[in-house]
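In what follows, a single structure is set out as structure tokens and then discussed.
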Amino acid sequence: MSEKVVPGRNTAAAEGDVVVFHIGLRINRLRAFSSWFPAFMSMPRMLRELSQEKGSGLLGYKVLYGSLRDFYVVQYWSDKERLLAYAHQQDKEHRPAWAEFNRRARAGKGHVGIWHETFIVPAGSYESVYVDMPAYGLGAATGVVPVGRRGDTAAQRLKAAEREA
């Protein structure tokens with residue numbers, strides 16, 4: 001993701017439905033390194049794999065840190081079908097990482113936790129504003145465009161998108 005500031009008021013260039021996927025890891029026992037470190041290291045491999053495959057459906061992502069124990073990734077996908085397909089593909093990074101996590105979780109008895117949430121957001125039901133910011137979040141995933149008119153509000157843009165849908 002570029003750190004170059006995009007001047008002015010911008011919005012994400014996303015069109016159509018968007019799938020937002022949150023996935024995270026919580027280290028419940030810091031000293032249980034062998035329980036959490038493999039799961040921690042599997043995410044960069046999956047993100048690299050998805051980013052290199054043009055048709056994967058992954059539009060972009062942002063890695064976030066909640067605390068010393070909490071790490072998560074916000075991912076933007078073109079559609080739920082490609083997200084679900086990736087989760088089930090035998091020849092991709094996710095399946096072996098998931099199997100390994102389950103094996104270690106049984107042995108570690110709660111030393112590490114994982115979570116995920118999936119949001120399917122219909123066209124016209126999302127809105128974004130970035131003011132004098134580098135491309136960020138959905139804007140980094142899809143690109144940014146200037147906000148239409150001076151004085152436009154988020155509510156006006158959402159209503160206009162509903163009328164167009």
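Looking at Glu49, Met41, Met43 one by one, the single match for side chain to side chain contact (heavy atoms under 4.5 Å, CB included) with Arg45 turns out to be Met41.
Hydrophobic clustering (ILVMFWY, side-chain heavy atoms < 4.5 Å, transitive): Leu84 and Tyr76 are in distinct clusters. Under a hydrophobic-cluster definition in which Ile, Leu, Val, Met, Phe, Trp and Tyr are linked whenever side-chain heavy atoms come within less than 4.5 Å, directly or via other members, Tyr136 and Val145 are assigned to different clusters. Both Phe37 and Leu47 are assigned to one and the same hydrophobic cluster, defined by single-linkage of ILVMFWY side chains at heavy-atom distances under 4.5 Å.
Note that CD of Glu127 is 5.5 Å distant from OG1 of Thr11, once rounded to the nearest 0.5 Å. Atoms CZ and NE2, on Arg95 and His88 in that order, are 6.5 Å from each other to the nearest 0.5 Å. Put simply, CZ on Arg31 and CH2 on Trp36 are 13.0 Å apart, with the number rounded to the nearest 0.5 Å.
The two residues Ser125 and Val121 make their nearest non-hydrogen contact at O-CG1, 3.8 Å. Arg82 and Ser56 get closest at one heavy-atom pair: CB-O, 3.4 Å. Of all heavy-atom pairs spanning Ala12 and Ser128, the tightest one is N-OG, 2.9 Å. The nearest pair of heavy atoms linking Asn10 to Gly8 is ND2-O, 3.4 Å.
Side-chain contact check for Tyr61 versus Ser51: some heavy-atom pair is nearer than 4.5 Å. Contact of the Tyr126 side chain with the Leu138 side chain is registered, since non-hydrogen atoms from C-beta on lie closer than 4.5 Å. Side-chain contact between Tyr130 and Val6: absent, with no pair of heavy atoms (C-beta onward) separated by less than 4.5 Å.
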Enumerate donor-acceptor pairs with a distance under 3.5 Å from any side-chain N or O in residues 111-118 to protein atoms, sequence neighbours excluded.
from: His111; atom 1: ND1; to: Ser35; atom 2: OG; distance (Å): 3.2
from: His111; atom 1: ND1; to: Gly108; atom 2: O; distance (Å): 3.1
from: His111; atom 1: NE2; to: Arg29; atom 2: NH1; distance (Å): 3.1
from: His111; atom 1: NE2; to: Gly108; atom 2: O; distance (Å): 2.9

Return all side-chain donor-acceptor pairs below 3.5 angstrom for residues 14-27, not counting sequence neighbours, or 'none' if the list is empty.
from: Asp17; atom 1: OD1; to: Ala123; atom 2: N; distance (Å): 2.9
from: Arg26; atom 1: NH1; to: Asn28; atom 2: OD1; distance (Å): 2.6

Derivation and outcome, side-chain contact (heavy atoms from CB on, under 4.5 Å), residues Tyr86 and Glu93
CA-CA 9 Å; Tyr86 179 72; Glu93 290 285 339; 3.7 Å; yes

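No more than 12 heavy-atom neighbours from other residues, nucleotides or ligands sit within 6.0 angstrom of NZ on Lys80.
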